[in-house]
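These numbers were taken from a predicted model, which means no experiment stands behind them. Order of appearance sets the numbers: ligands from 1, and atoms from 1 within every ligand.
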Amino acid sequence: MADLPVYTDPDPTGAELLATHPHLRMDATCGLMLEGVALNAIADAVGTPCWVLGGGTLKRRLARMRAAMRDAGLDVGIHYAVKANDHLAVLDLIGREGYGADIVSGGELARTQKAAIAPARIVFSGVGKTDAELEQAIGLGIGQINVESAEELAIISAIATRMGRTARVTLRVNPDVDAKTHAKITTGLAANKFGIPFDNALGLYARASSLPGVQALGFSTHIGSQILTTGPYRAAYARVAELVRAARQAGLDVSTVDCGGGLGISYRTEPEGQPEALAGAIKAELGDLGVRLAIEPGRWPIGPAGVLLSSVILRKEAGMDVPFVITDAAMNDLARPSMYDAWHGIVPLAPHAPGQAVAATHVVGPVCESGDTFARDRLLPPLARGERIAILDTGAYGSVMSSTYNSRPLAAEVLVEDGTWQVIRPRQAVKELWQDEIIPTHATEQA
Ligand code: LLP
């Protein structure tokens with residue numbers, strides 16, 4: 001496991017991080033607050049590690065996306081990417097606020113139904129949907145299936161025909177565009193497994209338009225995640241627009257373009273992606289086609305809304321050049337740093353004066369892998385045993401990617417809404433770790 005990347009510019013200070021996270025505030029008495037609620041009060045009651053999600057922040061960010069599209073004069077359906085955070089409380093909020101959902105599995109589909117999101121507002125993406133998942137989706141009459149290959153199109157046609165139904169589909173096009181993001185989360189290059197090769201898309205669309213059991217709506221694309229500039233979007237949408245025009249010229253109906261997700265947030269010092277700029281890119285490339293548009297954002301609306309609270313188990317200093325602060329959260333809780341070398345802000349919960357002395361610190365979890373590292377050489381105030389920290393921007397791809405590796409129970413989850421908070425998932429009990437495990441009955445010796 002490589003060390004975390006070395007940045008050439010200085011890390012943001014705690015105060016700078018709070019300035020880019022308006023829902024967080026340092027109170028001189030209570031310490032770090034999220035949407036007006038003291039995080040220490042939550043940690044006192046629930047313990048750590050604990051995920052805390054700001055529902056108001058999620059709503060505000062979704063509303064900003066909606067307004068950005070509307071202000072650009074675009075009719076864009078917002079389908080929240082469930083994979084970013086699939087908690088029922090989140091999906092319930094998404095449904096109540098009138099958004100749709102982008103799903104990638106039968107499990108996610110079932111969650112959206114449990115949260116009463118109308119099937120017509122569901123889009124099904126993913127490179128390998130099983131027959132059972134397709135039957136579930138087609139049976140429910142979901143709004144749209146984004147088809148990822150010629151092979152999958154044939155399977156969908158066969159299943160829908162057998163069921164006596166019509167599946168509404170778009171073809172997900174791989175535009176072969178570099179999203180300029182981490183290699184593990186880029187999806188729009190020809191070498192990636194995603195989407196239909198651009199050169200095959202028109203021919204396949206013609207086929208889709210005449211297949212039984214299928215209604216061809218148009219095209220979709222998704223080029224990757226944590227995208228911070230509009231250049232890659234413009235390039236991808238220009239290619240999709242080319243396809244729409246070519247399809248229409250060939251006499252085919254095109255009513256829909258799904259522009260995918262991917263807008264990035266500010267984890268460190270990078271300026272976050274702007275929904276208004278995304279709206280501008282969509283308008284510039286697709287605005288005059290007269291199609292119904294959609295986006296599938298996950299990280300942007302919910303990433304900054306969440307923090308992971310953790311306590312210092314101990315401080316390992318003796319004989320160390322740089323002290324290790326060992327926290328009760330680990331890579332099994334938040335996988336992003338170990339998986340993508342991701343940088344997450346770390347802010348102590350205790351009230352601390354601006355200008356307090358800081359020193360380089362390694363922040364690590366207790367799991368038996370060197371990759372279980374949240375931060376190296378991070379400038380932090382001295383964090384003693386028992387002190388608490390908030391790891392920022394963990395609302396997306398945080399709790400959803402947790403595991404129980406090292407037999408560590410899943411952390412508690414809390415939702416803050418309207419100035420109050422509620423546990424939305426209690427901490428997993430240790431005995432729940434093995435509740436579904438079966439010790440085989442061993443054949444007794446034959447007498
Ligand atoms: N639509 C499709 C088809 C996707 O594959 C994804 C994300 C999204 C929408 C939402 O993308 P977003 O707006 O969240 O960037 N675990 C990784 C991110 C994986 C993203 C996978 N696909 C991480 O923690 O960075």
Side-chain angles (χ1 to χ4, degrees), residues 58 61-62 64-65 76-86 90 94 99-105 108-109 122-129 144-149 152 169-175 179-189 192-196 219-229 232-233 236 240 257-268 270 272-275 278 282 294-306 308 331 333-344 374 391-403:
L58 171 59
R61 293 177 70 86
L62 281 166
R64 180 163 156 209
M65 289 193 122
V76 180
I78 297 182
H79 296 108
Y80 166 73
V82 172
K83 65 169 78 68
N85 187 327
D86 62 11
V90 169
I94 293 291
Y99 300 100
D102 168 63
I103 55 139
V104 289
S105 70
E108 286 190 356
L109 179 53
I122 310 260
V123 172
F124 194 173
S125 303
V127 70
K129 309 171 189 82
Q144 177 182 316
I145 301 176
N146 293 342
V147 178
E148 298 245 4
S149 59
E152 184 177 67
V169 305
T170 71
L171 299 192
R172 175 170 173 182
V173 181
N174 183 324
K180 304 251 185 308
T181 184
H182 191 287
K184 286 189 187 166
I185 52 173
T186 198
T187 54
L189 288 170
N192 300 137
K193 68 179 173 181
F194 298 96
I196 292 154
F219 299 95
S220 56
T221 196
H222 171 78
I223 54 174
S225 197
Q226 186 56 8
I227 301 168
L228 293 165
T229 56
Y233 281 124
V240 173
V257 171
D258 179 341
C259 300
L263 197 62
I265 61 172
S266 175
Y267 285 101
R268 191 172 171 276
E270 62 280 44
E272 79 171 355
Q274 302 291 311
L278 176 62
I282 294 173
I295 55 172
E296 304 166 351
R299 187 191 314 265
W300 198 90
I302 202 166
L308 172 60
M331 65 188 284
D333 302 300
L334 177 64
R336 302 195 70 259
S338 60
M339 210 160 166
Y340 316 112
D341 292 338
W343 195 102
H344 282 262
F374 290 128
I391 306 179
L392 307 190
D393 301 307
T394 55
Y397 307 113
S399 57
V400 272
M401 289 174 67
S402 295
S403 75

Can you find a heavy atom in the side chain of P297 that is under 4.5 Å from one in the side chain of I78? yes
Taking side chain as C-beta onward, heavy atoms only, is L62 less than 4.5 Å from L58? yes
Would you check whether W300 reaches within less than 4.0 Å of ligand 1, judged by its heavy atoms? no
Against heavy atoms of Y340, which atoms of ligand 1 measure under 4.0 Å? 16 (N), 17 (C), 23 (C), 24 (O), 25 (O)
Which atoms of ligand 1 sit under 4.0 Å from any heavy atom of G261? 9 (C), 13 (O)
I need the atoms of ligand 1 closer than 4.0 Å to a non-hydrogen atom of G298, numbered in the order shown. 12 (P), 13 (O), 14 (O)
Could you check whether K129 pairs with E152 (Lys NZ or Arg NE/NH1/NH2 to Asp/Glu carboxylate O, under 4.0 Å)? yes
Are I196 and E148 packed together at the side-chain level, in the sense that at least one heavy-atom pair is separated by less than 4.5 angstrom? no
Per-atom contacts of ligand 1 with S125, taking only distances under 4.0 Å to non-hydrogen atoms: 3 (C)
Backbone, side chain, both or neither: what part of M339 comes under 4.0 angstrom of ligand 1, heavy atoms only? neither
Ligand 1-proximal atoms of H222, by part, heavy-atom distance under 4.0 Å: side chain
When you compare ligand 1 with R172, is there at least one nitrogen or oxygen pair between them that comes in under 3.5 angstrom? no
Within the side chain of N174, is there an N or O that forms a donor-acceptor pair under 3.5 Å with the backbone of L189? yes
Separation between OG1 of T221 and CG of L171, rounded to the nearest 0.5 Å: 11.5 Å
Tell me whether P297 reaches ligand 1 (any heavy atom closer than 4.0 angstrom to a ligand atom). yes
Out of curiosity, M331 CE to M401 CE, how far, rounded to the nearest 0.5 Å? 10.5 Å
Geometry only, no angles: is G262 polar-contacting ligand 1 at N/O separations under 3.5 Å? yes
Considering distance alone, does some N or O of G260 sit under 3.5 Å from an N or O of ligand 1? no
Assess the side chains of D102 and S125: does a donor N or O sit below 3.5 Å from an acceptor N or O? yes
Side chain, backbone, both or neither: which applies to K83 and ligand 1 if a contact is any heavy-atom pair less than 4.0 Å apart? side chain
Ring centres of H79 and Y99 under 6.0 Å apart? no
Tell me which one of Q226, E272, R299 satisfies side chain to side chain donor-acceptor pair (under 3.5 Å) with Y267. R299
Atoms of ligand 1 close to D102 [distance to a heavy atom under 4.0 angstrom, numbered from 1]: 1 (N), 2 (C), 9 (C)
Considering heavy atoms of the protein only, find what lies nearest to atom 24 (O) of ligand 1 and give residue, atom and distance to 0.1 Å. R336 NE, 2.6 Å
Under a 4.0 Å heavy-atom limit, does A84 contact ligand 1 with its side chain, its backbone, both, or neither? neither
Short question: side chain of T186, backbone of A183 - any donor-acceptor pair under 3.5 Å? no
If only side-chain N and O atoms count, and only distance matters, is there a donor-acceptor pair under 3.5 Å linking N146 with T170? yes
Number the atoms of ligand 1 from 1 as they appear, then name those within less than 4.0 Å of a heavy atom of E296, with their elements. 1 (N), 2 (C), 3 (C), 8 (C), 9 (C), 10 (C), 13 (O)
Does M401 have a non-hydrogen atom less than 4.0 Å from ligand 1? yes
Which protein heavy atom lies closest to atom 19 (C) of ligand 1, and at what distance to 0.1 Å? I185 CG2, 3.7 Å
for atom 15 (O) of ligand 1, nearest protein heavy atom and its distance come out as S225 OG, 2.4 Å
Just jot down the ligand 1 atoms closer than 4.0 angstrom to any heavy atom of R299, in number order. 12 (P), 13 (O), 14 (O), 18 (C), 23 (C), 25 (O)
Establish, from distance only, whether the side-chain atoms of R172 and H222 form a donor-acceptor pair under 3.5 Å. no
What is the closest protein heavy atom to atom 20 (C) of ligand 1, and at what distance does it sit? Y397 OH, 3.6 Å
